[in-house]
Amino acid sequence: MRTVNSLPIMGRRLVEWLNRTLAWAMPGHCCFCLGGTLGDKPWCERCFIELPWHTSACPLCSEPRPSSVLADMPCGHCLKQRPDFDRSWVPFLYEDNIASLIQRFKFNADRRAGQILLQLMVQAFRSHQGPCHVQAIVTADLHPGRARKRGFDQTLWLGKRMARALDLPLYQATRRRLTPTQRGLSRPARKRNVRRVYQVTSPLPAQVLLLDDVMTTGATLEALSSACREQGAAHVTAAALARTPAGHAI
Ligand SMILES: O=C(O)c1cc(=O)[nH]c(=O)n1[C@@H]1O[C@H](COP(=O)(O)O)[C@@H](O)[C@H]1O
């Protein structure tokens, strides 16, 4: 089990100060439309508002649904079979600008796209869309073959930086076995593919946030949740950057 440490506090403050000064001295262009940016953010107000925010979702599995459904009412699937985690938090839909940022980040190792996604995620978390009482972030090991091919582990990259920004410890679950990609698998096959695949080897605090890049059926986050429960996590929130509606695997 690795606990990922942050920069020493003075170093972090210096980097933050340098970033603010540079943004003030050289105002940037919106990463989406190349117009003027909003304060020290890399986007403009209009593009930010027009992002595919995931505003109407099942509170358990984040499956998208019409805004007329009561916010705290679980979807039919979760009523029949509750997921292992207690709730989920996925601020975006896997669409438009967010889908292209994730693809650039994940498949082309584009760190700039990763930085923008990180900033969006931290901002969404801080503006009360995120779960309130989180004591640690947990990510899952990427398949080593895929990490070699992509050149990095995108979820760990994101998890480290998010934990640092929110001042939380980061834990990484390891794999018990190698699994094929979830891409193209049916819902039951996705579940079977990752069942009991992860393990956490040290005790966890009670309230944890699990982080993945994309949530499609939630099978990966469920497998991670079961591993966290075995190490004492009592309240588990599953989080991802973006939600793919079930049946639209990426
Ligand atoms: O690497 C993958 O398995 C993967 C490939 C792909 O093309 N799309 C995709 O969503 N995934 C992963 O599948 C998981 C989401 O699928 P579910 O487990 O069904 O929620 C995430 O860990 C994704 O990173």
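All values below come from the heavy atoms of this structure, side chains included, with hydrogens, waters and symmetry mates left out. Quick caveat: nothing in here was measured; it's all calculated off a predicted structure.
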Distance-only side-chain donor-acceptor flag, Gln103 / Asn108, under 3.5 Å: no
In Å, rounded to the nearest 0.5 Å, how long is the span from CZ of Arg175 to NE2 of His143? 6.5 Å
Flag yes if more than 12 heavy atoms outside Arg177 fall under 6.0 Å of its CZ atom; otherwise flag no. yes
Determine yes or no for a side-chain-to-main-chain donor-acceptor pair under 3.5 angstrom, with Asp86 supplying the side chain and Val236 the backbone. yes
Using modelled atom types and a 3.5 Å cut-off, is there a donor and acceptor pairing between side-chain atoms of Asp110 and backbone atoms of Ala113? yes
Would Leu211 and Leu142 show up in the same hydrophobic cluster when neighbours are defined by side-chain heavy atoms closer than 4.5 Å? no
Would you say the side chain of Asp213 lies within less than 4.5 Å of the side chain of Leu158, judging by non-hydrogen atoms? no
Check whether any side-chain heavy atom of Val122 sits under 4.5 Å from a side-chain heavy atom of Leu118, and report yes or no. yes
Side chain of Ser127, backbone of Gln123: donor and acceptor closer than 3.5 Å? yes
Is the ring pair Trp89/Phe125 parallel, tilted or perpendicular, if the boundaries are 30 and 60 degrees? perpendicular
Residue pair Gly36 / Cys30: nearest heavy atoms and the distance that separates them: O-CB, 4.3 Å
Answer yes or no: is there a donor N or O on one side and an acceptor on the other, between the side chain of Arg87 and the main chain of Ala238, under 3.5 Å? no
Should Phe92 and Ile102 count as side-chain neighbours, where that means a heavy-atom distance under 4.5 Å? no
Quick one: pull up CG in Leu117 and CZ in Arg111 and give me the separation to the nearest 0.5 Å. 13.0 Å
What distance do Thr244 atom OG1 and Gln182 atom CD have between them, rounded to the nearest 0.5 Å? 11.0 Å
Return the minimal non-hydrogen interatomic distance between Ala242 and Ile98, and the atom names on each side. CB-CG2, 4.0 Å
Between the main-chain N or O of Leu51 and the side-chain N or O of Asp96, is there a donor-acceptor pair closer than 3.5 Å? no
Nearest 0.5 Å, what's the CD1-CE distance between Ile137 and Met162? 4.5 Å
Is there a donor-acceptor pair under 3.5 Å between the side chain of Gln135 and the backbone N or O of Gln207? yes
Yes or no on side chain to side chain contact (heavy atoms under 4.5 Å, CB included) for Thr37 and Cys44, after CA distance, side-chain angles and deciding distance? CA-CA 4 Å; Thr37 51; Cys44 72; 6.0 Å; no
Shortest non-hydrogen pair, Asp84 vs Arg229, comes out as O-NH2, 2.5 Å
For residues Ser202 and Gln231, determine if any side-chain heavy atom of one lies less than 4.5 Å from a side-chain heavy atom of the other. no
Assess the residue pair Leu156 and Leu170 against the criterion (side chain to side chain contact (heavy atoms under 4.5 Å, CB included)); give the C-alpha distance rounded to whole Å, side-chain angles, the decisive distance to 0.1 Å, and a yes or no. CA-CA 9 Å; Leu156 180 61; Leu170 176 72; 4.0 Å; yes
Identify the heavy atoms of Cys61 and Phe85 that sit nearest to each other, and give their distance. CA-CE1, 4.4 Å
Pair Glu222 + Arg190, salt bridge at N-O below 4.0 Å: no
Test item: side-chain donor near acceptor, Arg82 and His77, under 3.5 Å: no
Find out if a path of hydrophobic residues (ILVMFWY) with successive side-chain heavy-atom gaps under 4.5 Å connects Leu60 to Leu93. no
Without swapping roles, check the side chain of His29 against the backbone of Leu34 for a donor-acceptor pair under 3.5 Å. yes
Give a yes or no answer on whether the side chain of Ser56 reaches the backbone of Arg65 with a donor-acceptor pair at less than 3.5 Å. yes
Should Arg126 and Met121 be marked as a side chain to side chain contact (heavy atoms under 4.5 Å, CB included) after you check the CA-CA gap, both sets of side-chain angles, and the distance that decides it? CA-CA 9 Å; Arg126 288 198 176 128; Met121 198 71 173; over 6 Å; no
Decide yes or no for Trp43 and Gln119: does some side-chain heavy atom of the first lie under 4.5 Å from some side-chain heavy atom of the second? yes
Is any side-chain heavy atom of Val138 closer than 4.5 Å to a side-chain heavy atom of Leu204? yes
Are side-chain heavy atoms of Pro91 and His54 found at a separation under 4.5 Å? no
Can the positive tip of Arg161 be found less than 6.0 Å from the middle of the six-membered ring of Trp157, inside 45° of the ring normal? yes
Mind listing the closest non-hydrogen atom pair of Val194 and Ala219 along with its distance? CG2-O, 3.5 Å
Shortest non-hydrogen contact between Cys58 and Cys75, atoms and distance: SG-N, 3.3 Å
Nearest 0.5 angstrom please: Phe107 CZ to Arg150 CZ, how far? 5.5 Å
Any donor-acceptor pair under 3.5 Å linking the side chain of Thr179 with the backbone of Asn193? no
Polar contact flag, side-chain donor to acceptor under 3.5 angstrom, Ser88-Ser62: yes
Would you call Gln172 and Asp141 a side-chain contact if the rule is heavy atoms closer than 4.5 Å? yes
Nearest-0.5 Å distance, CG of residue Leu210 to OH of residue Tyr198: 11.0 Å
